[in-house]
Asker: 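This is the structure, below, for whatever I ask next.
One-based numbering along the sequence shown.
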Amino acid sequence: MEEPVELPPHRVALSAAVNRLGHLLVDREIEPDAAAQLTETLEAIADGLASEPSQRLKQLVHPRNRIATFVKSGGGPDPPPSGAEIEFDPVSLVGGVLNPFTMGARYFRDGDEAVGRVTLGPCFEGPPERAHGGVICAVFDEVLGSVFRATGSPSAFTGELTVRFEKPAPLGVELEFRGRRVDTAGRRRFLEGEATGPDGVFATARAIFIDMAPEHLMPDEPTPEPPNA
C-alpha cells in the first residue's frame, strides 16, 4: 500500500482558520465599524501575502500521490484497506484540507465502494437552510472519482454527470454519499451513487468517466521563442 501523503501542518491549520472565518462571515451579524476594522486587517494581511513569491498549492504536496503514481507507472496506487480513509486531493475545493474554501468532505473505502461524508456549513447554502444544488453535484463528482482510489484503478476524467434531486439537503448535519462502478465499455467507466441525510436519500447520481493517459497530466511544453531576425 502506498505511503500516506505528508501535508505541511502549518498550511493545513491556516486553511482551516480561513475556512472557519468564511463561514462565520456568512452566518454572523457584523456591525459596520467592526466590519470596517476587519476589512482593513484582512486587506493588510492580503497585501503582505501578495508580496511573497508565488507557489501553487499542488507544489506543497508530497510527490508520492495518486497522480504522481499514475504518471510514473500508468497504473493506480494500491487501494487502502476497506474501512480506511481515502486520500484523494488535498487541494480540492470539495475535500482538500489545503484549500481554505473546502467543503470539508472526507472519503472512505467500503469494499469496492467509495463513501463520502460531509457536513456543509453556511457558505454552501442555496435555498434557506438547505445546501446549494451545485455543491451536491460537486461532492458527487469527487465521491465517484474516489471510487477509482477505492478499487486501486487508474484515475479517469469526468465525462458526464447526471444528478437527480429527490428532496432538499440540510446544512449542519452529516451527509453520506456513496459511489460504485457498475459497467465498463472501452475507455468509458459507468458509475452510480446516492446521497443520504437524516430523512433518507435526497439525491442520486449517474456518471461516465473516461480513462486518462499519463500524457494527459504532463505539463505542457513551453512554447519555443521565435528565432531572432
Side-chain angles (χ1 to χ4, degrees), residues 1-27 38-81 83-109 114-124 135 138-139 141-150 152-158 174-175 177 212 214 216-220 222:
M1 187 178 69
E2 69 170 344
E3 298 174 5
V5 172
E6 295 181 9
L7 304 177
H10 64 290
R11 293 298 298 254
V12 174
L14 179 58
S15 293
V18 175
N19 188 271
R20 180 178 179 230
L21 176 62
H23 285 292
L24 288 172
L25 288 175
V26 170
D27 197 44
L38 182 58
T39 299
E40 183 178 350
T41 300
L42 293 176
E43 289 287 3
I45 294 172
D47 288 342
L49 286 176
S51 65
E52 298 293 329
S54 177
Q55 182 182 43
R56 294 189 64 211
L57 276 175
K58 287 187 182 294
Q59 294 175 279
L60 298 173
V61 180
H62 193 282
R64 185 178 175 82
N65 59 27
R66 64 188 180 93
I67 299 300
T69 299
F70 180 63
V71 169
K72 183 177 180 179
S73 69
D78 293 336
E85 187 166 358
I86 297 171
E87 183 276 313
F88 188 75
D89 183 353
V91 302
S92 164
L93 172 66
V94 180
V97 295
L98 291 179
N99 191 321
F101 306 109
T102 183
M103 299 174 195
R106 299 175 65 192
Y107 310 107
F108 302 86
R109 180 187 172 199
V115 180
R117 299 190 179 101
V118 63
T119 301
L120 296 171
C123 283
F124 306 112
V135 168
V139 179
D141 184 48
E142 195 147 293
V143 170
L144 294 174
S146 65
V147 169
F148 299 96
R149 282 290 291 111
S153 305
S155 295
F157 291 119
T158 310
E174 187 175 78
L175 308 174
F177 292 70
M212 62 177 69
H216 293 155
L217 299 172
M218 298 296 288
D220 294 334

Asker: Check side-chain contact (heavy atoms from CB on, under 4.5 Å) between T39 and all other residues, then give those that pass, not counting sequence neighbours.
Answerer: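 With neighbours one apart ignored, the set is E43.
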Asker: Can you measure from OG1 (T119) to CD (E174) and round to the nearest 0.5 angstrom?
Answerer: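 Reported to 0.5 Å precision, the distance equals 5.0 Å.
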Asker: May I ask you to test the C123-M103 pair for a side-chain heavy-atom distance under 4.5 Å?
Answerer: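 No - every pair of side-chain heavy atoms lies 4.5 Å or more apart.
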Asker: Can you list the residues that meet the side-chain contact (heavy atoms from CB on, under 4.5 Å) rule with L24, with sequence neighbours excluded?
Answerer: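 Applying side-chain contact (heavy atoms from CB on, under 4.5 Å) to L24 gives R20, R28.
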Asker: Ignoring hydrogens, what is the shortest heavy-atom contact between V94 and A138? Give both atom names and the distance.
Answerer: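 In terms of heavy atoms, the two residues are closest at CG2-O, 3.7 Å.
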Asker: Return the minimal non-hydrogen interatomic distance between I86 and S146, and the atom names on each side.
Answerer: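 That would be CD1-O, 4.0 Å.
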Asker: Walk me through it: do T102 and L93 pass the test side chain to side chain contact (heavy atoms under 4.5 Å, CB included)?
Answerer: CA-CA 5 Å; T102 183; L93 172 66; over 6 Å; no
Asker: Give the minimum heavy-atom separation between S92 and E142, together with the two atoms involved.
Answerer: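 Minimum heavy-atom contact is OG-OE1, 2.6 Å.
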Asker: Answer yes or no: is there a side-chain heavy-atom contact under 4.5 Å between L7 and V97?
Answerer: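 Side-chain contact under 4.5 Å: yes.
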Asker: Just wondering, do L120 and V135 contact through their side chains at under 4.5 Å, heavy atoms?
Answerer: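 Contact flag for V135/L120 side chains = yes.
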Asker: How long is the span from the CD1 atom in I45 to the CD atom in E40, to the nearest 0.5 Å?
Answerer: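 Atom-to-atom, I45:CD1 and E40:CD are 11.0 Å apart.
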Asker: Looking at side-chain heavy atoms only, is the closest gap between L42 and L21 below 4.5 Å?
Answerer: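 L42 vs L21: side chains touch.
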Asker: What are the two closest non-hydrogen atoms of V118 and F177, and how far apart are they?
Answerer: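 V118 and F177 have their closest heavy atoms at CG1-CE1, 3.9 Å.
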Asker: Using modelled atom types and a 3.5 Å cut-off, is there a donor and acceptor pairing between side-chain atoms of R109 and backbone atoms of A150?
Answerer: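 The answer is yes, because a donor-acceptor pair under 3.5 Å joins these two groups.
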Asker: Is there a donor-acceptor pair closer than 3.5 Å between any side-chain N or O of S51 and the backbone N or O of G48?
Answerer: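 Yes: the side chain of S51 pairs with the backbone of G48.
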Asker: I want to check something: taking the side chain as every heavy atom from C-beta on, are L175 and V139 in contact at a cut-off of under 4.5 Å?
Answerer: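 They are not in side-chain contact.
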Asker: Going by distance alone, is a donor N or O of one side chain under 3.5 Å from an acceptor N or O of the other, for Y107 and E87?
Answerer: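 Side-chain D/A pair, Y107 to E87: absent.
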Asker: Taking only residues two or more places apart in sequence, or in another chain, which ones meet R106 in a side-chain contact (heavy atoms from CB on, under 4.5 Å)?
Answerer: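 side-chain contact (heavy atoms from CB on, under 4.5 Å) list for R106, sorted by chain: E85, F108.
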Asker: Between T158 and L144, is a side chain to side chain contact (heavy atoms under 4.5 Å, CB included) present by the stated rule, with each step listed?
Answerer: CA-CA 9 Å; T158 310; L144 294 174; over 6 Å; no
Asker: Determine the minimum heavy-atom distance between P122 and V26, stating which atoms define it.
Answerer: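 For P122 versus V26, the nearest heavy atoms are O-CG1, 3.6 Å.
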Asker: What is the distance from atom CG of N99 to atom CG of D89, rounded to the nearest 0.5 Å?
Answerer: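 Taking CG in N99 and CG in D89, the distance rounds to 9.0 Å.
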